[in-house]
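Below is one structure, written out as structure tokens, with a few remarks after it.
These values consider heavy atoms only, across backbone and side chains, with no hydrogens, waters or symmetry-generated copies. Letters A, B, ... mirror the listed sequences (proteins, then strands); counts begin at 1.
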Protein chains: 2
Amino acid sequence: MEPKAAELHAELSRGKTARFDAKLVHLLARTARVFADQGYEKASMRKVALAAGISLPGLYHYVSSKEELLFLIQYQAFGVLTEELEVILERPAAPEGHLEEMVRSHVRYVVRHLPELKVCTTELDSLKGDNYEHVLKRRQRYFELTRSILERLREQDRGSRVEPNLGALYLFGLLNWLVMWFDPKRNDPTELSESLVAFFLGGYRVAALSGSRTEKVEK
Amino acid sequence: MEPKAAELHAELSRGKTARFDAKLVHLLARTARVFADQGYEKASMRKVALAAGISLPGLYHYVSSKEELLFLIQYQAFGVLTEELEVILERPAAPEGHLEEMVRSHVRYVVRHLPELKVCTTELDSLKGDNYEHVLKRRQRYFELTRSILERLREQDRGSRVEPNLGALYLFGLLNWLVMWFDPKRNDPTELSESLVAFFLGGYRVAALSGSRTEKVEK
DNA sequence: GAAATCCGAACGAACGTTCGAACGGAAAGT
DNA sequence: ACTTTCCGTTCGAACGTTCGTTCGGATTTC
């Protein structure tokens, strides 16, 4: 019920004691910062241990490998994002409303977990085998849920000629690039969300109305 | 005058003989593929040498370090992009026309040099010292030139409420994310360019016209 | 005192880079 | 025309470093 606990409500019962889980959450947060700053490959387990305040072998008491650290960060991030989006879509609303809430939710996650999301955006292909497959499945679900919004938007709005799939790619281009320039000190999340939604809707609805060139625009 | 030579017209006179430069260009192309596929840190000089068809110490006859490989790829890519954009902006045209040509030029570069551009997008911060500064300067110039288009677009078009700076960030979000999903077999460059321009213009002009929520849209 | 937690020391592997020698083909010498 | 010289080019072998991971035992917690 506490804000802290509610923030990370995804499954994190890897250990038996509550202390274990709490320390693991702390470890993952510090790890995400290190991975985001230096990149997954360049970041060494020694630096992670130093940032987390434990020794190098102490890390392996909480995770079995370096890749598991990366997996847990990405798996949890997409888990939270997908879960929030599912809650949003359960509430009946117009497609525009769902889109706006999706963008708000995503931007809110950017604000609170910028390192984690940067890791998700930057280190997409650093996972292998089952780790990669499981994260990919969650990413695809997040993408599909978003695409479903755009599909309903297109059904209602006959003007758009942008395919929902392409529109989703555009939208994630806008959202994922946030991690490269968003600065909590300079950008207001609410304002940015509104700007993003208005920008996307304007482009998604209007785009490709005229198939020919844009020679001269009417005033 | 040949197409091949014209394609890479930037300064590449690092060696004295023409054979040296030709082999360096070939080496950089193979290196870009390796860096794009595996990531800069994970890609080893041994893999680069193997992909380039020379031995490991043979690499160091053409470059002095691994980082110089990364630098040359990024420096040349932004050099070509900036150069092309400067040529475009020299021709008088409406802002919409300049924007369209800029996007076409960028997409054309994506098609022809996808690995290089993926490296530029993914390995922004892997350079250090002077290498980083020099590439940063070219990146900033490319950004500023693009922003200037949006500034003229806003002067002419009083409806837009998106700042040119923010608009440029949105645009590069759309363009840079291309390297993650663009497939030459599935996507037509011309069609994609037109779609991108129409999408961006629609969003850039319309965005934030209404400061309040988007509750329900009129049919 | 049993279980959970932590760490100093060290392992094998892979990394970027270097050294010195060998190769090749064209210019120079005779 | 033949040899010699020379320099751009190539590579086998190896160096020192750092990496992820492990082992055995010490320390803490309940």
Below the 4.0 Å mark, does dC6(C) have OP1 or OP2 next to a side-chain nitrogen or oxygen of Ser55(A)?
no

Distance check needed: dC15(C) C1' versus Glu67(B) CD, whole Å only.
16 Å

In this structure, how many angstroms lie between the P atom of dC6(C) and the CZ atom of Arg19(A), rounded?
6 Å

Find the distance Leu56(A):CG to dT22(D):P and express it as a whole number of Å.
11 Å

Report the nucleotide, chosen from dT9(D), dT22(D), dC19(C), that has the shortest atom-to-atom distance to any side-chain atom of Pro57(B).
dC19(C)

Measure NZ/Lys128(B) against P/dG16(C) and give the value in whole Å, please.
13 Å

Looking for any heavy atom pair under 4.0 Å, which part of the strands does Arg46(A) touch: base, sugar-phosphate only, or nothing?
base

dT9(D) phosphate, OP1 or OP2, under 4.0 Å from His61(B) side-chain N/O:
yes

What are the two closest heavy atoms between Phe35(B) and Ala43(B), and how far apart are they?
CD2-CB, 3.7 Å

When rounded to whole Å, the NZ to P distance for the pair Lys47(A) and dC19(D) reads 6 Å

Distance below 4.0 Å between Thr17(A) side-chain N/O and dT5(C) OP1 or OP2:
yes

Touch check for Ala49(A), heavy atoms < 4.0 angstrom, all strands: base, sugar-phosphate only, or nothing?
nothing

Is His98(A) reaching over with its side chain to a backbone N or O of Arg91(A), donor-acceptor style, under 3.5 angstrom?
yes

What integer distance in Å separates Leu27(A):CG from dC6(C):C1'?
14 Å

Look at the side-chain N and O atoms of Lys23(B) and state whether any lies under 4.0 Å from the OP1 or OP2 oxygen of dT10(D).
yes

Measure CE/Met45(B) against P/dC15(C) and give the value in whole Å, please.
12 Å

Just do the ring-ring contact (aromatic ring centres under 6.0 Å, His included) check on Phe199(B) and Tyr170(B) with the steps written out, would you?
CA-CA 11 Å; Phe199(B) 177 86; Tyr170(B) 288 174; over 10 Å; no

Tyr60(A) side chain N/O closer than 4.0 Å to the phosphate oxygens (OP1, OP2) of dT5(C)?
no

Flag the pair Glu133(B) and Lys137(B) as a salt bridge only when some basic side-chain nitrogen lies within less than 4.0 angstrom of an acidic carboxylate oxygen.
no

Geometric cation-pi criterion, Lys66(B) with Tyr40(B): 6.0 Å, 45°:
yes

Rounded to the nearest angstrom, tell me the gap between atom CD in Glu41(B) and atom P in dG16(C).
9 Å

